[in-house]
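A quick write-up on the structure given underneath.
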Amino acid sequence: MDRKPLLNMKSLKEQVYEYLREQMRTGTILPGSVIDMEETSKKLGVSKTPLRDALLLLETEGFVRIMPRRKVVVNVLTEADIRDSYDIVGALESVALLRAFDRIRPGDIDAMQTLNNDMHAAIGAGDFDLYYAKNLAFHNVFLNLCGNESLVKIVNTLKKRLYDFPRSKGFVKEWEESSIVEHQALIDLIREGRKQEAAI
């Protein structure tokens, strides 16, 4: 019989971080709001140390701003922030694709094709969460082959802010369908070995 572990192996900082991220993702904690450290530490039953450490991590990722006198403000993601973040992600993913290109095998291309097909099906079903997961997995195929962990970390942090701040309850179908068309063009270019064109 399987027994539930007595201890959560994640550190308190990790648990608090994941709790706060989930609250932001679901919109329970909204951009522009203030996180009360005293109230939050009591609510979670933890000392201020793991809470402060989790908030410092969230600050480095751009989710919050720690102000004087223990005031923590959840950052607002502006239209300019979104545009700038997409520019950065696009540029970094182009570099990642160039670096990964010669490591991409037929099985990887097949995986990308399957994921793109799954994204199309997710749109048809109106399932944004599934679309989001498949889209991340699609890009991770070549990101994970680029051999640059720092680049991947930056891209993933930016995507957290773009997609989970808070997570949208739906999507603009035309945008997502356009993304699928772009993905298909990328797959075709990779299959044909057209490295420079694929990275544009």
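Side chains included, hydrogens not; waters and symmetry mates left out as well; all remaining heavy atoms used. For the single chain, residues carry numbers from 1 onward in sequence order.
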Does CD belonging to Glu79 count more than 12 external heavy atoms closer than 6.0 Å? no

Straight-line distance of Ser33 OG to Gln23 CD, nearest 0.5 Å: 10.5 Å

Does Gln184 reach the side chain of Gln113, with side-chain heavy atoms less than 4.5 Å apart? yes

Looking at side-chain heavy atoms only, is the closest gap between Leu97 and Leu143 below 4.5 Å? no

Hey, what do you get for OG (Ser179) to CG (Asn116), rounding to the nearest 0.5 Å? 7.5 Å

Check whether more than 12 heavy atoms from other residues, nucleotides or ligands sit under 6.0 Å from atom NZ of Lys43, and answer yes or no. no

Donor-acceptor pairs under 3.5 angstrom involving side-chain atoms of residues 86-93: please list them, not counting sequence neighbours.
from, atom 1, to, atom 2, distance (Å)
Glu93, OE1, His139, ND1, 2.9
Glu93, OE2, His139, ND1, 3.4
Glu93, OE2, Lys159, NZ, 2.6

Under 3.5 Å, side-chain donor or acceptor atoms of residues 52-60 against the rest of the protein: list the pairs with distances, not counting sequence neighbours.
from, atom 1, to, atom 2, distance (Å)
Glu59, OE2, Ile66, N, 3.0
Thr60, OG1, Leu57, O, 2.7

Nearest heavy-atom contact between Pro50 and Leu12 is CB-CB, 3.7 Å

Would you indicate whether the side-chain heavy atoms of Val152 and Cys146 approach each other to under 4.5 Å? yes

To the nearest 0.5 Å, how far apart are CG in Leu44 and CG in Leu51? 7.0 Å

According to a hydrophobic-cluster definition based on side-chain heavy atoms being under 4.5 Å apart (Ile, Leu, Val, Met, Phe, Trp, Tyr only), do Phe142 and Ile154 belong together? yes

Using a 6.0 Å cut-off, check whether atom NZ of Lys195 has over 12 heavy atoms from anything other than its own residue. yes

With distance as the sole criterion, is a donor-acceptor pair present between the side chains of Glu61 and Tyr17 under 3.5 Å? yes

Find out whether Ile187 and Phe138 are in side-chain contact, i.e. whether some heavy atom of one side chain is under 4.5 Å from a heavy atom of the other. yes

Kindly indicate whether the side chain of Met24, heavy atoms from C-beta on, has any atom under 4.5 Å from the side chain of Val64. yes

For residues Glu38 and Lys42, determine if any side-chain heavy atom of one lies less than 4.5 Å from a side-chain heavy atom of the other. yes

Could you check whether any side-chain heavy atom of Arg65 comes within less than 4.5 Å of a side-chain heavy atom of Val72, counting everything from C-beta outward? no

Rounded to the nearest 0.5 Å, what separation is found between the CG atom of Asp127 and the CE atom of Met119? 12.5 Å

How would you list, by chain and number, every residue that makes a side chain to side chain contact (heavy atoms under 4.5 Å, CB included) with Val141, sequence neighbours excluded? Asp108, Met112, Leu115

Answer with yes or no whether the hydrophobic clustering places Val73 together with Leu30; edges join I, L, V, M, F, W, Y residues whose side-chain heavy atoms lie under 4.5 Å apart. no

Cut-off 3.5 Å, side chains only: do Asp81 and Thr78 have a donor facing an acceptor? yes

Side-chain donor or acceptor of Arg161 paired with backbone N/O of Gly62 under 3.5 Å: yes

So, for Gly147 and Arg103, which heavy atoms are closest and what is the spacing to 0.1 Å? N-NH1, 3.9 Å

Please find the pair of heavy atoms, one from Ile190 and one from Ala198, that lie closest to each other, and give the distance. CG1-CB, 4.3 Å

same_hphob_cluster(Leu20, Val34) at 4.5 Å side-chain heavy-atom cutoff: no

Test side chain to side chain contact (heavy atoms under 4.5 Å, CB included) on Ser11 and Gln15; report intermediate values, then the result. CA-CA 6 Å; Ser11 69; Gln15 292 178 65; over 6 Å; no

Note: Glu18-Arg21 ion pair, threshold 4.0 Å (strictly below): no

Separation of Arg99 CZ from Leu145 CG (nearest 0.5 Å): 12.0 Å

When you measure from the side chain of Arg194 to the backbone of Leu189, do you find a donor-acceptor pair of N or O atoms at a distance under 3.5 Å? no

State, with a plain yes or no, whether a side-chain heavy atom of Thr40 is found less than 4.5 Å away from one of Val16. no

If hydrophobic clusters are built from ILVMFWY residues whose side chains come within less than 4.5 Å, do Leu98 and Leu151 share one? no

Any donor-acceptor pair under 3.5 Å from Thr157 side chain to Lys153 backbone: yes

Do side-chain atoms of Asp118 reach the backbone of Lys134 as a donor and acceptor pair under 3.5 angstrom? no

Spell out, as yes or no, whether a donor-acceptor pair under 3.5 Å connects the side chain of Ser94 to the backbone of Ala199. yes

Find the distance between CG (Leu158) and OG (Ser85) and round it off to the nearest 0.5 Å. 5.0 Å

Ring-plane angle category for Tyr131 and Phe128, please: parallel below 30°, perpendicular beyond 60°, tilted otherwise. parallel

